[in-house]
Number of protein chains: 2
Amino acid sequence: MKHIKGELEQKGIKPTYQRLCILEYLHAHLVHPTVEGIYDELVDRVPTMSKTTVYNTLRLFSEKDVINEIRITGTEVRYDINCQSHHHFLCKKCGKIYDVDVTCPFANMEHKEVSGHEIQEVHGYFKGICKECLTKQNNEQKGR
Amino acid sequence: MKHIKGELEQKGIKPTYQRLCILEYLHAHLVHPTVEGIYDELVDRVPTMSKTTVYNTLRLFSEKDVINEIRITGTEVRYDINCQSHHHFLCKKCGKIYDVDVTCPFANMEHKEVSGHEIQEVHGYFKGICKECLTKQNNEQKGR
DNA sequence: TTTCATGTTTGTAATCATTACAAATTAAAT
DNA sequence: ATTTAATTTGTAATGATTACAAACATGAAA
Ligand SMILES: [Mn+2]
Ligand SMILES: [Mn+2]
Ligand SMILES: [Zn+2]
Ligand SMILES: [Zn+2]
């Protein structure tokens with residue numbers, strides 16, 4: 001609880017109650033949650049919490065590099081407390097987003113430029129069927 | 001003109017006038033245009049063209065793998081007639097999206113899976129300052 | 001040629017995530 | 001206690017996309 005307060009202070013963010021709640025939620029839910037998901041759970045614990053505050057806070061965190069925005073599904077932004085450059089996998093069946101560890105020279109920020117353009121951010125993700133959904137599929141086929 | 005008609009027929013799409021116009025536009029404008037951009041230019045040539053048709057057609061093309069959707073900017077979808085797996089670069093200054101050729105094992109679809117998940121699509125892009133904007137910056141500094 | 005069926009296009013209304021805005025609240029400073 | 005600035009909150013506006021139903025075109029049967 002102390003360290004997450006320090007985390008904000010280090011980045012020059014005043015650690016208000018709402019902000020700490022949201023940050024704590026992000027640390028506890030590493031599944032790349034949406035604004036909706038964050039709000040829905042927090043509003044139970046903190047009934048005064050407003051969705052606008054969630055939006056404001058996530059934008060602030062994003063600007064101050066406390067979190068990363070992930071735009072994969074096209075419909076809504078998801079948030080990742082893990083700010084180290086890493087890639088993602090979106091399952092087309094169940095919609096889950098996984099972290100994946102790939103040996104890509106760009107994932108590790110080894111390059112500063114491509115084709116003369118200066119790289120500041122690297123974004124990589126895959127779409128397909130996740131491990132879990134694959135085994136489900138297999139079991140269904142056997143059952144038949 | 002003939003070959004783009006055949007392009008649609010091959011994929012089982014009836015080559016209507018509107019669809020051919022949109023496909024032709026995509027072939028002629030390889031800058032990853034938006035719905036707005038496509039519509040604005042086509043409506044001059046084809047005054048009856050409706051924005052809904054542009055949406056419908058692009059979705060159809062996307063489903064039939066005539067084009068690819070690119071979601072990078074967060075606000076709007078962009079379209080790419082180049083369906084070979086390749087990566088992109090978004091300039092934070094001027095907003096242009098470039099094709100980039102990277103030697104990434106995943107860009108070339110050499111892998112069919114990561115961490116047990118079955119890969120069907122690979123998406124990779126960078127954000128930063130493009131070559132053009134970099135030289136502009138340098139010239140401004142010299143001028144001072 | 002008329003009739004009918006099917007697919008396509010079009011305009012408008014609805015949706016939904018996000019942003020803008022201004023009032024209300026809180027915290028800090030004098 | 002008063003003043004000031006920052007934060008939170010609810011509501012309204014925005015903007016891209018989708019849903020929907022009427023209008024239109026096409027082409028085969030009658
Ligand atoms: Mn992640
Ligand atoms: Mn491209
Ligand atoms: Zn899955
Ligand atoms: Zn640029």
Side-chain angles (χ1 to χ4, degrees), chain A residues 4-5 8-9 11-25 32-64 66-80 90 95 97, chain B residues 4-5 8-9 11-25 32-64 66-80 90 95 97:
Chain A
I4 78 165
K5 201 168 166 186
L8 291 186
E9 282 163 347
K11 308 251 176 154
I13 300 171
K14 192 186 284 186
T16 67
Y17 181 60
Q18 286 83 339
R19 288 171 182 171
L20 285 170
C21 283
I22 293 170
L23 183 60
E24 189 190 30
Y25 182 93
H32 316 97
T34 63
V35 166
E36 196 69 24
I38 297 167
Y39 172 75
D40 282 353
E41 185 152 332
L42 288 187
V43 80
D44 287 340
R45 266 187 278 156
V46 188
T48 67
M49 177 74 70
S50 109
K51 197 176 277 186
T52 300
T53 297
V54 179
Y55 274 106
N56 289 340
T57 303
L58 291 171
R59 171 162 33 183
L60 179 68
F61 285 1
S62 190
E63 283 168 0
K64 295 291 173 76
V66 178
I67 59 176
N68 270 336
E69 296 185 349
I70 305 182
R71 318 184 103 107
I72 297 188
T73 60
T75 53
E76 51 198 352
V77 181
R78 314 189 75 123
Y79 295 89
D80 196 341
L90 167 67
I97 294 179
Chain B
I4 79 165
K5 200 168 166 186
L8 291 187
E9 281 162 348
K11 309 252 176 152
I13 299 171
K14 191 185 285 186
T16 67
Y17 181 59
Q18 287 81 340
R19 287 170 183 174
L20 285 171
C21 282
I22 293 170
L23 183 60
E24 189 190 30
Y25 182 94
H32 316 96
T34 63
V35 167
E36 196 70 25
I38 297 167
Y39 171 76
D40 281 352
E41 185 152 330
L42 288 187
V43 80
D44 286 339
R45 266 188 276 157
V46 188
T48 68
M49 177 75 69
S50 107
K51 199 176 276 187
T52 300
T53 297
V54 178
Y55 273 105
N56 289 341
T57 303
L58 292 171
R59 169 160 37 183
L60 179 68
F61 285 1
S62 189
E63 281 167 3
K64 296 291 172 76
V66 178
I67 58 176
N68 270 336
E69 295 186 349
I70 305 181
R71 318 185 104 105
I72 298 188
T73 61
T75 53
E76 51 199 352
V77 181
R78 314 187 75 124
Y79 295 90
D80 198 341
L90 168 68
I97 294 180

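The structure displayed is predicted, hence computed values, not measured ones. Residue numbers start from 1 in every chain, and the chains themselves are labelled A, B, ... in the order their sequence lines are given, proteins ahead of strands.
- Using a 4.0 Å heavy-atom criterion, one finds that A/Glu36 contacts no nucleic acid atom at all.
- Remark: P of C/dA20 and CZ of A/Arg59 are 6 Å apart, rounded to the nearest angstrom.
- Within the 4.0 angstrom heavy-atom criterion, only backbone atoms of the sugar-phosphate kind lie near A/Thr75; the bases stay farther away.
- Here A/Gln18 reaches the OP1 or OP2 of D/dT9: one of its side-chain N or O atoms lies under 4.0 Å away.
- Between A/Asp40 atom CG and C/dA17 atom P there is a gap of 11 Å when expressed in whole angstrom units.
- At whole-Å resolution of the value, CD1 in A/Ile38 and P in C/dT18 are 10 Å apart.
- Distance B/Lys51 NZ to D/dT17 C1': 10 Å, rounded to the nearest Å.
- If you measure from atom CD of B/Glu76 to atom P of C/dC16, you get 21 Å, rounded to the nearest angstrom.
- Rounding to whole angstrom units, CZ of residue B/Arg71 and P of D/dT17 are separated by 7 Å.
- Across the protein-nucleic acid pair, A/Leu60 atom CG and D/dT9 atom P stand 15 Å apart, rounded to whole Å.
- Among the atoms of the strands shown, only primed sugar atoms or phosphate atoms (P, OP1, OP2) are found under 4.0 Å from some heavy atom of B/Thr16.
- Between the side chain of A/Thr52 and the base of D/dT11, at least one donor-acceptor pair of N or O atoms lies under 3.5 Å.
- Counting to the nearest Å, the P atom of C/dT12 and the OH atom of B/Tyr55 are 16 Å from each other.
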